[in-house]
Amino acid sequence: MITNIDIAIIGGGPAGLCAAIEASKYNANVLLIERDSRLGGQLNKQTHKFFGSKRQYASIRGVDISDILINDAIKNPCVTIWTNATAIGVYEDGVITIEHENKYKKIKPATIIVATGASEKFLVFENNDLPGIYGAGAVQTLMNSYGILPAKEVVMLGAGNIGLIVSYQLIQAGVDVKAIMCTGPTIGGYLVHASKIRRMGVPIFTQHTVLKANGDDKLKSVTVTKVDDDRKPIKGTEFDITCDNLCISAGLSPLVDLLWQIGCKMKYSAKFGGHVPIRSKMLRTSVPNVFIAGDVSKIEEASSAMVEGHLAALSALLEAGIIKKTDEGVEERLNDLIGQLESLRSGDVAAKLKRGIAEVEI
């Protein structure tokens, strides 16, 4: 069993990478565990430029941010990185079991940061298992990571930021986006994204959903219906749209399995797509020495996940006694990170997010 680890970080996406970078500034012994063959997580397929401030890499593409963070993490000798490593379990005594390079390994770190992210939601409708129906993340991966055109004609179900951004990327790749729709009365994503789509002639239908997928051995069209204020289909409003791909962007669900296992107190949040851990403002869970960062704690933009990674690392270092709040620059750094999060969550768009956080924060 390996025991000389100050912080074990599970998840090598934007939150996990930033946690490793922050901890390494204080010469903490860090182990970063990533189940994929490459670090970076969702950043690796995000070709759009980020919003926010320069401190959150505004005007830089997600794929380039990934490279920056990876280089910053690997250059510090305090950081050990295991890729192709799956955290199998996290136990009450603080032991983590890992499958790494076809070997079963056990570690017992002083503190743990869980940054496992989230998974895509799927929807229930007739024939939803036909070939040609994908999640938006899968479409992004095919296009942006592997250079594969996923379809010729696409219908996008979901008008949040992901649905709008992926639609725009599809158009840029030469795909005919036939329509975008959402069940709500208003578009969920930023209007700047929606305006770009509309200027390109793509209709966006609010209060609409897919009732049925049509085709024998593959998708050929979808039957769309208008929905009422309770999001129930309105009879007589059905119409068909031909397409060979239905792209579903219906939100994300936090990947909290390891947090359940270790005994963290959880609470269901419809705003965040499922159960999320109860946490402090410093991102400590109800279990001592266990912290969270990124989409595993709530669904938000990658900019916030990165700031949370830095904050979780500082919190873990404080709890482990590696640094003290009275040390030079520590309290100032904490206040700065909290201020960055508050800035990212300002405005009317973030009001729902802030209410959700208040419900699970202690």
Side-chain angles (χ1 to χ4, degrees), residues 2 5 7-24 29-48 50 57 60-90 96-107 109 112-120 122 134-150 162 165-166 169 173 252-259 261 292-296 299 302 305-306 308-309 312-313:
I2 303 171
I5 300 168
I7 302 178
I9 303 168
I10 304 174
L17 281 167
C18 287
I21 292 165
E22 187 71 30
S24 70
N29 189 9
V30 177
L31 175 61
L32 181 58
I33 304 159
E34 169 54 47
R35 66 180 180 181
D36 204 350
S37 59
R38 173 178 164 81
L39 300 169
Q42 299 300 314
L43 292 174
N44 292 325
K45 54 191 176 187
Q46 294 179 345
T47 58
H48 59 280
F50 273 40
Y57 306 97
I60 300 177
R61 299 184 188 279
V63 290
D64 297 324
I65 296 172
S66 175
D67 290 337
I68 293 169
L69 296 181
I70 292 169
N71 289 332
D72 285 348
I74 64 176
K75 70 182 181 183
N76 195 302
C78 296
V79 179
T80 300
I81 296 171
W82 288 357
T83 54
N84 294 311
T86 300
I88 300 169
V90 183
I96 304 174
T97 54
I98 303 160
E99 190 278 318
H100 179 225
E101 296 179 344
N102 296 317
K103 293 181 180 179
Y104 180 78
K105 300 178 180 179
K106 294 171 69 177
I107 65 170
I112 301 167
I113 297 175
V114 178
T116 45
S119 61
E120 287 191 289
F122 209 64
Y134 299 98
V139 168
Q140 269 192 314
T141 300
L142 285 171
M143 283 197 304
N144 301 339
S145 297
Y146 297 107
I148 297 172
L149 201 64
I162 294 175
I165 288 169
V166 174
Q169 291 172 350
L252 303 169
S253 293
L255 289 168
V256 295
D257 306 65
L258 295 174
L259 296 170
Q261 185 181 26
I292 51 172
D295 281 352
V296 73
I299 306 304
M306 289 187 281
E308 283 196 343

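When a residue number appears, it is its place in the shown sequence, counting from 1. Excluded from the calculations below are hydrogen atoms, water molecules and symmetry mates; all remaining heavy atoms, backbone and side chain alike, are included.
Side-chain contact check for K45 and T141: at least one donor-acceptor pair (N or O, by modelled atom type) lies under 3.5 Å.
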Quiz prompt | Chi angles and distances behind the side chain to side chain contact (heavy atoms under 4.5 Å, CB included) call for I33, I107 | solution = CA-CA 11 Å; I33 304 159; I107 65 170; 4.2 Å; yes
Exercise. Could you give me the CA-CA distance, side-chain angles and deciding distance for Q42 and D295, then say whether side chain to side chain contact (heavy atoms under 4.5 Å, CB included) is met?
Key: CA-CA 11 Å; Q42 299 300 314; D295 281 352; 5.9 Å; no
Quiz item: side chain to side chain contact (heavy atoms under 4.5 Å, CB included) between I70 and R38: does it pass, once the steps are laid out?
Solution: CA-CA 9 Å; I70 292 169; R38 173 178 164 81; 4.0 Å; yes
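Shown here for N76 and C78, the closest heavy-atom pair between the two residues is OD1-N, 2.8 Å. Minimum interatomic distance between A87 and I96 (heavy atoms only, all atoms of both residues): CB-CG2, 4.4 Å. In plain terms, the two heavy atoms of A20 and I9 that are nearest each other are N-CD1, 3.4 Å. Taking every heavy atom of both residues into account, N44 and S66 meet most closely at OD1-OG, 2.7 Å. Scanning all heavy atoms of the two residues, the minimum distance from A85 to H100 falls at CB-CD2, 3.7 Å. Contact detail for I299 and A118: the closest heavy-atom pair is CD1-CB, 3.7 Å.
Counting heavy-atom neighbours within 6.0 Å of I65 CD1, excluding the residue itself, gives a total above 12. Within a 6.0 Å radius of OH in Y104, more than 12 heavy atoms belonging to other residues, nucleotides or ligands are found.
Annotation: side chain of I74 is in contact with side chain of N71 (closest heavy-atom distance under 4.5 Å). Between L255 and S119 there is a side-chain heavy-atom pair separated by less than 4.5 Å. Between T47 and M143, every side-chain heavy-atom pair lies at or beyond the 4.5 Å cut-off. Contact of the L39 side chain with the L32 side chain is registered, since non-hydrogen atoms from C-beta on lie closer than 4.5 Å. In this structure the side chain of V296 never reaches within 4.5 angstrom of the side chain of L258, judged on heavy atoms. Residues I10 and V90 meet the side-chain proximity criterion, which asks for heavy atoms closer than 4.5 Å. Residues T83 and S37 fail the side-chain proximity criterion, which asks for heavy atoms closer than 4.5 Å. Counting heavy atoms from C-beta outward, Y57 and L43 have side chains that stay 4.5 Å or more apart.
Interatomic distance, H48 NE2 to I60 CD1, rounded to the nearest 0.5 Å: 12.5 Å. To the nearest 0.5 Å, the span separating NZ on K105 from CD1 on I98 amounts to 8.0 Å. Atom CD1 in I5 sits 7.5 Å away from atom OG1 in T80 (nearest 0.5 Å). I2 contributes atom CD1, which lies 7.0 Å from atom CG of L31 (distance to the nearest 0.5 angstrom).
Using modelled atom types, one side-chain atom of E120 and one backbone atom of G137 make a donor-acceptor pair closer than 3.5 Å. A donor-acceptor contact shorter than 3.5 Å is absent between the side chain of Q46 and the backbone of G62. Using a distance-only test at 3.5 Å, with no hydrogens or angles considered, a donor-acceptor pair links the side chain of E308 to the main chain of G294.
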